[in-house]
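Remember, it's 1-based here, ligands and their atoms both numbered in the order they're listed.
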Amino acid sequence: MCGIIGYVGPREAEPILVEGLRRLEYRGYDSAGVATLTGKKMHLRKKAGRVADLSKFLKDSPAPGTVGISHTRWATHGAATDTNAHPHIGGPNTVAVVHNGVIENYSTLKKQLIDQGVEFHSQTDTEVISHLIAQKLEETDDLVESVRQVLTMLKGTYGLAVVSPKNPEMIVGARLGSPLVIGVGENENFLASDPTALIGCTQRVVYLKDHQLCVITDTDFHIYDEDHEKVSVAVQNIDWDTGDASKGDYEHHMLKEIFEQPEALENALRGRLVDADNTALFGGLNLTNRQLRRAERLILTACGTSYHAGLVGEYLFEEYARMPVEVEYASEFRYRNPPIDQHTICIAITQSGETADTLAALRESKRKGHPTLAICNVVGSTIAREADGGVYLHAGPEVGVASTKAFTSQVTTLAMLALFFGRLRHLSSLQGAKMIEDLRALPDAVRQALKCNDEVKRIAEKYHGVSNMLFMGRQYMYPVALEGALKLKEISYIHAEGYPAAEMKHGPIALVDEETPSIFLTPRGSVFDKVMSNLEEVKARRGPIIAIASEGDARAADYVASKADEVIFVPDVPEYLQPVITSIPLQLLAYHVALLRGCDVDKPRNLAKSVTVE
Ligand code: AGP
């Protein structure tokens, strides 16, 4: 899941490419590079490390030219070195290629090329593409035709951009599995992995579909389908202003996005709660009430944090819509072949809308004829476009790799969907009215919850040196325990596990010792006593305990406070909305612990924001 951006026009390409790479850096930050053309001359500059390292390098050795392609990398094949950085060159400087994806048959192709005497410089799969195109170019002297022919030899996924001094007026792009979008300008055009790279350049875009190839010049662009037939496409407008994706006054995107949650939830709720019918309303489901009423089962499929939101969704739909739900890891679901009856709706949950496994799981369900919906944050993303219908979160850009506001927006949207499906079934009008009241009060409850920041920071100072942490919850709190553990793992690199609290005594309790803090989610609710027994079991083994409890809950104030080493109080909300409130202190804990350990909070090692490879 790398980031690609290309430019052709009257302006110097380098500054446009570097700014675009900065905006795409959340997709991968192992190395970066550019290749520009001045007529028949190619200028290649690439560096291991961040875009900032490349930018420093370019200060001493600029890359001139008004045509260029560039790349920021998340390594799939070969370590993060200067040599493995993209662009990769084919022939004697005749072709430069940047690629996002995985070429599965690269080793076979590489062997054939080596047998033909081709010399390789990197360990990447991508370099194979450069050499193949260079060979075809020798034969055809036509860059577009050469790329087209080489695509037929590749197995795997790609979003790629190619330039050559032989055709210095153009950039050729192609997409299969990895996102690619054309940015349409005035006498200039762009190519990018996603529209965020084009903020400040143009808001007019064309999304490439799988198996499409495009040719962009300064004055025009053409798109061809698999049979190399020209296809006409609609140019779309993106309503995204630059303010959204900046850090504002915050030190990190993650902290900004944590504190943006009240507004993000207000955006998710806006115009979707209908007092007249005491239900929720969604304009983009594109399914008839008949299809929705006849649905007998839901499959929620996703990855990572979105999967955890799906687990909360399971509790919500079972309780408020009385519907059986299965929550599936998309990466497993796409290759499993479960018998699914026809009255099943498949819902893909995804912040980016580009996660390869979730896209494949959605396509698998469509192939089997199930209506598909997407709960997604990125407008115009592949999953949003391919699902039959869906719901946008309207949470605004989420740049920090660790997902925060998308999670609470996903849970809130799932609660509204449970209300919607419930009101089509068994949920009474009064119950609907109560849920609407609860949901409307949620953004302010989150504002209140954010006030625990200083308290959480103090607790982080106490525990940021540990090597392991356990997170425990029951019922609606179980997915939150998983999410809390994931947040801590992914940005502080502390080994953390989330468990259904009662599961501890079946093994994991052996991990408990005085060096391993346990986070217990003990808000007011139906299983409070049960989870407190589990807390006592850990207490008995002298494990340090941090509890998350409900404000104004006398029993918590007494009992929990008497047992736990630290208690973080959060606003008291109905049990089914507690996942939104209790995840706030867990997000802040991960943030402060990571900061105290000197970790890069927004760009944690080995990760990327949008996982577009399998
Ligand atoms: C969460 O903090 C991670 N960034 C990751 O687990 C993420 O949730 C997962 O990759 C799914 O991404 P998506 O929601 O964009 O599909």
Side-chain angles (χ1 to χ4, degrees), residues 1 3 25-29 74 177-179 193-194 196 252-255 257-258 261 264 300-313 327-334 347-363 373-387 390-393 395-411 413-414 471 479-480 482-493 496 498 583 586-591 594 599-614:
M1 43 259 172
E25 204 169 16
Y26 69 87
R27 301 175 64 91
Y29 28 86
W74 189 86
S178 301
S193 295
D194 74 50
T196 49
H252 296 98
H253 286 284
M254 182 182 179
L255 190 63
E257 288 150 12
I258 290 174
Q261 292 182 97
L300 308 182
T301 189
C303 304
T305 287
S306 299
Y307 172 81
H308 296 152
L311 288 176
V312 178
V327 187
E328 302 281 356
Y329 273 120
S331 54
E332 287 300 309
F333 183 66
R334 64 180 291 182
I347 303 181
I349 307 173
T350 169
Q351 188 286 127
S352 63
E354 299 294 353
T355 303
D357 287 320
T358 307
L359 176 59
L362 178 99
R363 287 177 173 166
L373 297 175
I375 297 176
C376 182
N377 192 38
V378 177
V379 176
S381 58
T382 307
I383 292 174
R385 283 180 285 117
E386 294 203 8
V391 185
Y392 281 124
L393 299 179
E398 189 177 68
V399 178
V401 168
S403 184
T404 53
K405 62 178 180 177
F407 175 70
T408 50
S409 299
Q410 286 163 344
V411 170
T413 301
L414 286 161
F471 292 73
V480 180
L482 293 174
E483 179 56 13
L486 177 61
K487 287 285 94 68
L488 192 73
K489 276 186 267 202
E490 66 179 317
I491 63 172
S492 77
Y493 320 143
S583 53
L586 302 186
Q587 295 165 351
L588 289 166
L589 182 70
Y591 173 79
C599 302
D600 186 331
V601 168
D602 281 341
K603 295 193 178 70
R605 71 185 185 199
N606 304 343
L607 289 178
K609 182 67 183 171
S610 166
V611 183
T612 55
V613 293
E614 218 189 309

Does one side chain, of Glu354 or Ser381, offer a donor that lies under 3.5 Å from an acceptor on the other?
-> no
Would you check, one step at a time, whether the test side-chain contact (heavy atoms from CB on, under 4.5 Å) holds for Thr408 with Gln587?
-> CA-CA 11 Å; Thr408 50; Gln587 295 165 351; 4.1 Å; yes
When the ring planes of Tyr591 and His252 are compared, do they come out parallel, tilted or perpendicular, using 30° and 60° as the limits?
-> perpendicular
Between OG of Ser306 and CG of Leu300, what distance do you get to the nearest 0.5 Å?
-> 11.5 Å
Step-by-step side-chain contact (heavy atoms from CB on, under 4.5 Å) determination, His308 to Gln410 = CA-CA 10 Å; His308 296 152; Gln410 286 163 344; over 6 Å; no
Could you pull out every protein residue that has a heavy atom closer than 4.0 Å to ligand 1, ordered by chain and then number?
-> Cys303, Gly304, Thr305, Ser306, Thr350, Gln351, Ser352, Thr355, Val401, Ala402, Ser403, Lys487, Glu490, Val611
Would Glu398 and Lys405 pass as an ion pair if we require N to O under 4.0 Å?
-> no
